Amino acid sequence: MLVHRTPEGEAAGRIVEAEAYRGPLDLAAHSSRGLTPRTAAMFGPPGYAYVYLLYGISWALNLVVADEGEPHAVLIRAIEPIRGIKLMARRRNKSADSRDLTNGPGKLTQALGITGADYGRDLCGLRLYLEESDRVPGRIGRSARVNVDYAGDWAKRPWRFYERGNRYVSVRPRE
DNA sequence: ACGAAGATCGACT
DNA sequence: GTCGATCTTCGTA
């Protein structure tokens, strides 16, 4: 579960889709282009948020996961709304039962109220953190990552993971 | 200072 | 399925 608490209230969802980015070797990872102001958080210690603006439109959330100096991160691509669903629906201007609420990296950040202000956020703090879900997970599928064709052979690596059959998974797998 | 390229979304057909 | 929106980041000069 991914949980975000703001003055507006709490919103939380089960992570049902994620992708691994293994810089600096992985050419699909932003960190493959080196340490810049934008990618600095990825080069830092694990347990912090790497947030970036996508296409000038949407925010995307990554969890920094490897030791300091190892710029690896996990992109959260979809969640299944569990708590604060009405708040998410209001933020998204969608109905509470719409799968459009959180079925994409830019949609779930909007639903949870995550923006660039959360860059570098401590994931073990009180505001943005992970929590054990009490639900039994379904079967996990894997596939190539989405929209990283520019990365050559790295684009083919099956480093996208999702819960099979979950309606909040963003893109239907090709296989 | 300029320009190109996005780890996407939403509207539309 | 296609297509335009929108703006930060970073390489280059």
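Fair warning: this is a prediction, and the values are worked out from it, not measured in the lab. Proteins come first, then strands; the chains are lettered A, B, ... in the order of their sequence lines, and each starts at number 1. As a basis for the values below, the full set of heavy atoms in this structure was taken, side chains included, without hydrogen atoms, waters or symmetry mates.
Stacking between A/Tyr150 and B/dG6 is absent: the ring centroid is not both under 5.5 Å from the six-membered base ring centre and under 30° in plane angle.
The two residues A/Ala144 and A/Ala155 come nearest to each other via the heavy atoms CB-O, 3.5 Å. Scanning both residues, A/Leu75 and A/Leu61, for their nearest heavy atoms gives CD1-O, 3.5 Å. Residues A/Leu101 and A/Ala89 approach most closely at CD1-CA, 3.6 Å, considering heavy atoms. Contact between A/Thr39 and A/Phe43 at its shortest, heavy atoms only, is O-CD1, 3.4 Å. Among all heavy-atom pairs drawn from A/Gly106 and A/Ser58, the shortest one is CA-CB, 3.7 Å.
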Can you give me the N/O atom pairs linking the protein to nucleotides 2-5 of chain B at distances under 3.5 Å, or say none if there are none?
none

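Map A/Val148 and A/Arg92 each onto its nearest nucleotide of DNA chain B; the residue landing nearer the 5' end is A/Val148.
Side chains of A/Gln110 and A/Arg92: a donor on one and an acceptor on the other come within 3.5 Å.
Of the residues in residues 72-85 of chain A, those lying under 4.0 Å from DNA chain B by heavy-atom distance are A/Leu75, A/Arg77. Residues of residues 58-69 of chain A that place a heavy atom closer than 4.0 Å to DNA chain B, in numerical order, are A/Ser58, A/Asn62. For residues 105-124 of chain A, proximity to DNA chain B is found at A/Pro105, A/Gly106, A/Lys107, defined as any non-hydrogen atom under 4.0 angstrom from a strand atom.
Annotation: side chain of A/Leu130 is in contact with side chain of A/Leu2 (closest heavy-atom distance under 4.5 Å). Considering only heavy atoms from C-beta on, A/Ile79 stays 4.5 Å or farther from A/Arg14 through its side chain. For the pair A/Val169 and A/Asn103, the minimum side-chain heavy-atom distance is 4.5 Å or more. A heavy-atom distance below 4.5 Å is found between the side chains of A/Arg83 and A/Met1.
Looking at A/Arg5, A/Arg121, A/His4 one by one, the single match for side chain to side chain contact (heavy atoms under 4.5 Å, CB included) with A/Tyr129 turns out to be A/Arg5.
Regarding contacts with the backbone of B/dG6, every side-chain N or O of A/Asn147 stays at 4.0 angstrom or more from both OP1 and OP2. Considering only side-chain N and O atoms, A/Arg22 lies nowhere under 4.0 angstrom from the phosphate OP1 or OP2 of B/dA7.
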Practice item. Would you sort out whether A/Tyr50 and A/Tyr52 count as a ring pair (Phe, Tyr, Trp, His ring centres under 6.0 Å), showing the intermediate values? Key: CA-CA 7 Å; A/Tyr50 165 51; A/Tyr52 67 95; 5.5 Å; yes
Review point. What's the verdict on side chain to side chain contact (heavy atoms under 4.5 Å, CB included) for A/His72 and A/Val64, showing C-alpha distance, side-chain angles and the deciding distance?
Key: CA-CA 6 Å; A/His72 302 180; A/Val64 178; over 6 Å; no
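Both the sub-6.0 Å distance and the 45° axial angle are satisfied by A/Arg160 relative to the ring of A/Tyr162.
For the atom pair CG (A/Asp134) and CD1 (A/Ile82), the distance works out to 8.0 Å, reported to the nearest 0.5 Å. Atoms CG and CH2, on A/Leu27 and A/Trp154 in that order, are 7.0 Å from each other to the nearest 0.5 Å.
Put simply, NZ on A/Lys156 is 18 Å from P on B/dA7, counting in whole angstrom units. Atom OH of A/Tyr52 is separated from atom C1' of B/dC9 by 13 Å (rounded to the nearest Å). One can place CG of A/Asp100 at 9 Å from C1' of B/dC9, the figure rounded to the nearest angstrom.
A/Glu80 and A/Arg167 are not joined by a salt bridge, as no carboxylate oxygen comes within less than 4.0 angstrom of a charged side-chain nitrogen. Under 4.0 Å is where a charged nitrogen must lie from a carboxylate oxygen, and between A/Arg145 and A/Asp26 at least one such pair does.
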Exercise for review: Summarise how protein sits on nucleotides 4-13 of chain C as a single string, 5' to 3': B when a protein heavy atom is under 4.0 Å from the base, S for sugar-phosphate-only contact, - for no contact.
Suggested key: -BBBSSS---
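With pairs defined as Watson-Crick or G-U wobble and both atom distances under 3.5 Å, the stems of at least three pairs that touch DNA chain C come out as B:1-6 with C:7-12, B:8-12 with C:1-5.
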